[in-house]
Amino acid sequence: MPLNQSCRAVAGKAGSRSCHVTPACWQLSAEQSSRRRHWQQVAGWRCMALSGGSTQQLTAMEKQRRCVVVTGFGPFGEHAVNASWVAVQELKKLGLGDTIDLHVYEVPVEYQTVQRLIPDLWIKHRPQLIVHVGVSGMATAITLEQCGHNKGYLGLDNCQFCPDTQCCVEGGPECLQSTIDMDAVCKRASAAGLDEVQFIVSTDAGRYLCDFTYYTSLYESHGKSVFIHVPPLGKPYTPAQLGRALQTILQVILDMEHSDNQNNCDHKQ
């Protein structure tokens with residue numbers, strides 16, 4: 001689902017949303033409080049699904065907890081065809097099974113668009129998980145990013161803009177970690193038997209739109225996001241290989257989440 005945004009004149013500072021945080025204390029806006037209540041409600045629904053519940057309750061739970069959003073980036077610089085969006089389109093063809101409502105979006109390489117779009121996706125879909133995919137010219141393997149960084153954004157985007165503050169969220173923590181254990185995901189994905197596809201873990205998403213997007217998403221979701229870097233097309237993977245790699249990673253994460261939820265519900269009973 002492409003999102004074609006025209007370049008607009010810069011008005012105000014990027015990175016300055018109404019909710020400011022410090023590493024010691026999260027001050028939640030009304031929207032963030034709503035999202036937190038949503039996740040608490042979803043956790044209850046998951047336990048209900050595992051311990052038994054009414055048909056109507058289970059149906060509502062399925063609609064909420066089985067939504068996954070995946071984004072890729074549009075063209076920029078030397079990447080006239082962005083491998084991340086090609087990979088996401090391949091994933092869409094493959095799907096994630098009948099129980100997963102998969103939504104895909106192409107994101108323009110623009111800081112201000114990212115700042116508007118990522119919160120909107122969380123509000124619109126209330127997903128169980130958002131996965132962002134980007135291309136790295138230096139990558140030769142499928143790279144799972146563990147964390148996003150708040151500061152150090154100096155590179156100009158497609159609108160020849162970068163944030164005056166050089167950060168995602170003014171006053172935000174320097175680094176936000178995904179709640180998903182990427183080392184565990186990497187091990188399981190590597191054991192899945194994909195021919196000639198290598199998976200690795202990284203803690204540096206690059207201080208450009210990829211890192212900026214990841215931090216923004218981690219901030220909005222309280223860590224419930226994933227970022228994956230893919231190599232350029234043909235270096236060494238085909239579009240089909242990239243799509244299968246994404247499918248494998250997401251299936252591993254969803255299986256891990258299901259197992260964790262089941263264990264948590266067992267402890268509560």
Side-chain angles (χ1 to χ4, degrees), residues 2 69-92 104-111 113-114 117-118 129-159 161-163 166-168 174-178 180-183 185-187 189-190 194 196-218 225-250 252-253:
V69 174
V70 183
T71 72
F73 286 100
F76 76 100
E78 64 184 9
H79 302 284
V81 177
N82 196 313
S84 68
W85 179 234
V86 173
V88 171
Q89 290 176 299
E90 291 293 322
L91 170 66
K92 181 66 174 177
V104 302
Y105 290 85
E106 181 182 20
V107 180
V109 181
E110 303 169 9
Y111 291 106
T113 299
V114 166
L117 175 62
I118 300 306
L129 179 71
I130 282 190
V131 177
H132 307 286
V133 186
V135 64
S136 170
M138 297 182 293
T140 57
I142 309 300
T143 306
L144 306 173
E145 301 290 350
Q146 184 64 63
C147 56
H149 301 87
N150 191 25
K151 299 178 181 178
Y153 296 95
L154 302 174
L156 298 178
D157 66 12
N158 281 355
C159 289
F161 170 82
C162 72
Q166 301 175 5
C167 73
C168 297
E174 170 54 28
C175 181
L176 291 178
Q177 300 274 341
S178 174
I180 296 164
D181 184 347
M182 296 304 174
D183 286 320
V185 175
C186 184
K187 290 177 182 177
S190 298
L194 290 183
E196 300 179 357
V197 176
Q198 181 184 4
F199 300 90
I200 62 173
V201 177
S202 164
T203 57
D204 186 358
R207 300 308 204 286
Y208 190 48
L209 263 296
C210 290
D211 212 343
F212 191 89
T213 298
Y214 197 20
Y215 186 96
T216 301
S217 191
L218 289 168
S225 302
V226 172
F227 197 98
I228 303 167
H229 266 125
V230 299
L233 293 176
K235 298 181 179 181
Y237 305 126
T238 66
Q241 286 176 310
L242 293 177
R244 287 195 298 272
L246 293 185
Q247 183 189 49
T248 298
I249 292 168
L250 268 66
V252 165
I253 292 172

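Values below: every heavy atom of this structure, side chains too, minus hydrogens, waters and symmetry copies.
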Which residues share a side chain to side chain contact (heavy atoms under 4.5 Å, CB included) with T238, sequence neighbours left out: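 Applying side chain to side chain contact (heavy atoms under 4.5 Å, CB included) to T238 gives A240, Q241.
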Contacts of A83 that satisfy side chain to side chain contact (heavy atoms under 4.5 Å, CB included) - sequence neighbours left out: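 Per chain and number, A83 pairs via side chain to side chain contact (heavy atoms under 4.5 Å, CB included) with V135, V230, L233, L242.
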If you measure from [atom1] on [X] to [atom2] on [Y], what distance do you get to the nearest 0.5 Å?
| X | Y | atom1 | atom2 | answer |
| --- | --- | --- | --- | --- |
| N150 | C175 | CG | SG | 9.5 Å |
| Y153 | Y215 | OH | OH | 8.5 Å |
| S136 | K235 | OG | NZ | 11.5 Å |
| H149 | T203 | NE2 | OG1 | 6.0 Å |
| L144 | C186 | CG | SG | 5.5 Å |
| S190 | I200 | OG | CD1 | 10.0 Å |

Worked verdict on V70 versus L250 for side-chain contact (heavy atoms from CB on, under 4.5 Å): CA-CA 10 Å; V70 183; L250 268 66; 3.7 Å; yes
D204: salt bridge (Lys or Arg N to Asp or Glu O under 4.0 Å) partners, not counting sequence neighbours: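 Checked D204 against salt bridge (Lys or Arg N to Asp or Glu O under 4.0 Å); matches are R207.
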Side chain to side chain contact (heavy atoms under 4.5 Å, CB included) partner of V226, chosen from V131, V133, I130: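 Of the listed options, the one satisfying the test is V131.
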side-chain contact (heavy atoms from CB on, under 4.5 Å) assessment of T248 paired with V197: CA-CA 11 Å; T248 298; V197 176; over 6 Å; no
F227: ring pair (Phe, Tyr, Trp, His ring centres under 6.0 Å) partners, not counting sequence neighbours: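 Checked F227 against ring pair (Phe, Tyr, Trp, His ring centres under 6.0 Å); matches are Y214, H229.
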side-chain hydrogen bond (donor to acceptor under 3.5 Å, both in side chains) contacts in which one or both residues fall within residues 71-80, not counting sequence neighbours: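 Sorted result for residues 71-80: T71-H132.
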Side chain proximity check, F76 to L209, heavy atoms < 4.5 angstrom: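 Answer no - side chains too far apart.
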Student check: side-chain heavy atoms of P75 and E106 closer than 4.5 Å: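 Yes, their side chains come closer than 4.5 Å.
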Donor-acceptor pair, [X] side chain versus [Y] backbone, under 3.5 Å?
| X | Y | answer |
| --- | --- | --- |
| S178 | Q146 | no |
| Q198 | A141 | no |
| Y111 | T213 | no |

C162 vs L154, side-chain contact (heavy atoms from CB on, under 4.5 Å): CA-CA, chis, key distance, verdict: CA-CA 6 Å; C162 72; L154 302 174; 5.6 Å; no
Nearest heavy-atom pair of [X] and [Y]: which atoms, and what distance?
| X | Y | result |
| --- | --- | --- |
| L156 | Y208 | O-OH, 2.7 Å |
| F73 | W85 | O-CB, 3.3 Å |
| D211 | G148 | OD1-CA, 3.3 Å |
| V88 | L246 | N-CD1, 3.9 Å |
| T140 | P231 | C-CG, 3.8 Å |

With sequence neighbours excluded, residues passing side chain to side chain donor-acceptor pair (under 3.5 Å) with N82: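 Result, side chain to side chain donor-acceptor pair (under 3.5 Å) vs N82: S84.
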Pairs touching residues 141-159 that satisfy salt bridge (charged side-chain N to carboxylate O under 4.0 Å, His left out), sequence neighbours left out: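 Passing the test, one end in residues 141-159: no pairs.
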Salt bridge (charged side-chain N to carboxylate O under 4.0 Å, His left out) contacts in which one or both residues fall within residues 81-90, not counting sequence neighbours: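 Every salt bridge (charged side-chain N to carboxylate O under 4.0 Å, His left out) pair that includes a residue of residues 81-90, provided the two are not neighbours, is E90-K93.
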Pairs flagged by ring pair (Phe, Tyr, Trp, His ring centres under 6.0 Å) wherever residues 230-249 is involved - sequence neighbours left out: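 Qualifying pairs: none.
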